[in-house]
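Here is how names work: the chains are called A, B, and so on, in the same order as the sequence lines, proteins then strands, and each is numbered from 1.
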There are 2 protein chains.
Amino acid sequence: MVDETADSAAPARLMTTPSWLITQTATHAHRFVSEGLAAVDARAYHYRLLAALEEFGPASQAALGRRCGVDRSDMVAMINELADRKLLERAPDPSDRRRNIITITPAGVRQLRRLDDVLAEVQDVLLAPLAAEERDQLAGLLARVLRHHQYG
Amino acid sequence: MVDETADSAAPARLMTTPSWLITQTATHAHRFVSEGLAAVDARAYHYRLLAALEEFGPASQAALGRRCGVDRSDMVAMINELADRKLLERAPDPSDRRRNIITITPAGVRQLRRLDDVLAEVQDVLLAPLAAEERDQLAGLLARVLRHHQYG
DNA sequence: GCAAGTTTGTTGGCATAACCCACGATCGCC
DNA sequence: GGCGATCGTGGGTTATGCCAACAAACTTGC
């Protein structure tokens, strides 16, 4: 038994409230991810965008935002940043002059692989107390909740 | 099979990355909680503080912050707000003149009960796709992860 | 073919959350 | 009695998720 009555034990009400558990765990997750990615001079949304581009191919900014759950207006700065680092390219769409076509570069693909490694490491730290099957279980449950609220 | 190739399907890389699933689910959770509590003119941290006060009794601002994972400096405004609504009281500690003693009021206890109901409803909406045992499973897994990173 | 509505990129703004630092006052320790 | 630590408070920073507006370009309905 660990001494949890010290001064830092959270209320029982919170520890049994899923929404609290989720948001609190998310805070930790977010910090680990940020720190891990900062070590290779990257940010969380770099991974999101590069992953979507590699999996689905070139897309407009708006379409990319829809996939990654990013607001149209927030995409601009993100893409600027990625484009500055030559990880993707922004070119006007000849067939629709409103749009830009965003394409991942070879350097972007390489960076994506690097981020894959970093994030795998982060998951390991975050989920340290869970066995492999338990991690899958957790991911499965969360994925179902997510799907329900996105394609509901 | 649902049509997920539409325009909104997230990259597979993300849907299998726990940290993404957690932070994304947390966004939904946070929104449901905020909206639910806003309906009774309350905020998420109201519940946190009131719950801690009822369970552990009166405490200093710093101790309260430690329990709820709130920064010392952020506690000030939160407590002001709760004190304005007469849900708790802030009194100087005679035995340590640096500290304030925060005490929940009877109205605070009543409000806490009301928030309990609201939050139970919110959990139900958030975890709609999961059966009762699955919700417990999810809560259990998250609680273990949380404990590991807090009393690690 | 043209008018009305919609989509796209962009700028700017707002609210919240989780930090961090600095300060004066106070306490505990030795 | 002096020194380090703690407490409440104020200030500032950063990231995130929104929403509003706009001009340019597209699509639809007639």
Could you run through nucleotides 22-30 of chain C and give me one letter per nucleotide, 5' to 3': B if any protein heavy atom sits under 4.0 Å from the base, S if only the sugar-phosphate is that close, - if neither? B--BBS---

A:Asp74 CG to D:dT14 P, straight-line distance once rounded to whole Å: 17 Å

Checking B:Asp96 now: which residues fulfil salt bridge (charged side-chain N to carboxylate O under 4.0 Å, His left out) with it, not counting sequence neighbours? B:Arg98, B:Arg99

Taking side-chain contact (heavy atoms from CB on, under 4.5 Å) as the test, write out the residues that go with A:Asp124, two or more places apart. A:Arg135

Hey, are the side chains of A:Val145 and B:Leu127 touching, using non-hydrogen atoms and a 4.5 Å cut-off? yes

Calculate the interatomic distance between A:Glu81 atom CD and D:dT14 atom C1'; express it in whole Å. 13 Å

For B:Glu55, which residues count as a side-chain contact (heavy atoms from CB on, under 4.5 Å) partner, sequence neighbours excluded? A:Pro11, A:Ala12

Here's a test of your reading of the structure: between A:Gln24 and A:Ser60, which maps to the more 5' nucleotide of DNA chain C? A:Ser60

Side-chain donor or acceptor of B:Arg90 paired with backbone N/O of B:Ile102 under 3.5 Å: no

Taking only the side-chain nitrogens and oxygens of B:Gln61, find out if one of them lies under 4.0 Å from OP1 or OP2 of D:dT6. no

Give the rounded distance in Å between these two atoms: CE of A:Met75 and P of C:dT7. 18 Å

Please step through side-chain hydrogen bond (donor to acceptor under 3.5 Å, both in side chains) for the pair B:His46 and B:Arg43, ending with a clear verdict. CA-CA 5 Å; B:His46 291 197; B:Arg43 308 203 172 217; 5.1 Å; no

Under a single-linkage definition using a 4.5 Å side-chain heavy-atom cutoff for Ile, Leu, Val, Met, Phe, Trp and Tyr, are B:Leu50 and B:Ile101 assigned to the same hydrophobic cluster? no

Looking at five pairs on each end of the helix from C:dG1-D:dC30 to C:dC30-D:dG1, what is the angle between the two axes, given to 10 degrees? 30°

On DNA chain D, nearest-nucleotide positions of B:Ala62 versus A:Ser73: which is more 5'? B:Ala62

With a 4.5 Å limit on heavy-atom distance, are the side chains of A:Arg113 and A:Arg110 in contact? no

A:Val76 and A:Ile104: same hydrophobic cluster, using ILVMFWY side-chain contacts below 4.5 Å? no

Looking at DNA chain C, which of residues 25-47 of chain B put a heavy atom within less than 4.0 Å of it? B:His30, B:Arg43

side-chain N/O B:Asn80 vs D:dT9 OP1/OP2, d < 4.0 Å: no

What's the CE-P distance between B:Met78 and D:dG8, to the nearest Å? 14 Å

Using a 3.5 Å distance criterion without hydrogens, assess whether the side chain of A:Thr105 forms a donor-acceptor pair with backbone atoms of A:Lys86. yes

Could you tell me whether a side-chain N or O of B:Arg144 sits under 3.5 Å from a main-chain N or O of A:Pro129, the two making a donor and an acceptor? yes

What is the distance, to the nearest angstrom, from the CG atom on B:Asp71 to the C1' atom on C:dC19? 7 Å

